[in-house]
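Hydrogens, waters and symmetry mates are skipped; everything else that's a heavy atom, side chains included, is used. Sequence positions, counted from 1, serve as the residue numbers for this chain. No experiment lies behind these values; they were computed from the predicted model shown.
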Amino acid sequence: MNIDKTNGSSFIQSYQKQMQVSKVDKAKPLQKEDQLQISNEAQQMFESKAEFERHEKIQALKAQVQSGEYQVNNEKVAEKMFDFWYGK
């Protein structure tokens with residue numbers, strides 16, 4: 001059996017060439033960032049009435065849960081699950 005040692009170094013050199021990483025210019029972003037713009041009117045509408053009503057509802061639910069008065073409507077839960085799973 002004859003082993004040629006000269007070809008083995010060429011494999012190592014080709015592997016080392018693959019491992020060399022080219023420098024990337026980090027000054028330019030590759031992609032623009034997403035942006036969201038909400039008009040002042042839309043912001044005011046959201047913050048005023050909806051936020052206040054939502055906060056009141058959450059506080060009422062918390063109080064019911066803590067006092068033990070909150071009861072789950074099984075029929076509504078089953079109906080929502082059915083609608084979710086069967087796309088209605």
Side-chain angles (χ1 to χ4, degrees):
M1 174 168 22
N2 188 7
I3 298 175
D4 187 8
K5 294 182 181 181
T6 58
N7 290 338
S9 63
S10 65
F11 292 124
I12 293 172
Q13 289 173 354
S14 63
Y15 177 74
Q16 288 174 341
K17 287 180 185 178
Q18 285 180 346
M19 294 304 294
Q20 292 176 350
V21 178
S22 62
K23 293 183 180 181
V24 176
D25 186 16
K26 292 185 180 182
K28 288 193 262 179
L30 297 177
Q31 216 174 15
K32 289 186 177 182
E33 293 183 15
D34 293 336
Q35 294 180 352
L36 173 65
Q37 295 179 350
I38 301 174
S39 69
N40 291 335
E41 292 175 18
Q43 258 182 331
Q44 289 174 355
M45 286 173 47
F46 177 74
E47 291 174 356
S48 62
K49 188 176 179 182
E51 188 65 30
F52 180 73
E53 290 174 356
R54 182 174 180 264
H55 182 70
E56 282 185 344
K57 187 174 182 177
I58 291 172
Q59 292 303 322
L61 287 171
K62 282 183 180 181
Q64 286 179 351
V65 169
Q66 288 176 351
S67 67
E69 296 174 4
Y70 181 75
Q71 293 185 8
V72 177
N73 186 337
N74 296 333
E75 290 178 9
K76 281 188 178 181
V77 172
E79 183 179 316
K80 293 288 184 177
M81 289 175 63
F82 183 82
D83 291 347
F84 175 79
W85 288 108
Y86 296 105
K88 292 187 177 188

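Under the rule for a side-chain contact (heavy atoms from CB on, under 4.5 Å), the partners of Lys62 that lie at least two apart in sequence or sit in another chain are Ile58, Gln59.
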Pairs of donor and acceptor atoms involving the side chains of residues 33-41, under 3.5 Å and at least two apart or interchain, shall be tabulated with distances.
from	atom 1	to	atom 2	distance (Å)
Ser39	OG	Ala42	N	3.2

Taking distance alone, no hydrogens or angles, what donor-acceptor pairs closer than 3.5 Å link side-chain atoms of residues 63-73 to residues at least two apart or in another chain?
from	atom 1	to	atom 2	distance (Å)
Ser67	OG	Ala63	O	3.1
Ser67	OG	Gln64	O	3.2
Asn73	OD1	Glu75	N	3.2
Asn73	OD1	Lys76	N	3.4

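Rounding to the nearest 0.5 Å places CE of Met81 at 8.0 Å from CH2 of Trp85.
Note on Leu61: it does not cluster hydrophobically with Phe52, by side-chain heavy-atom contacts below 4.5 Å among ILVMFWY residues.
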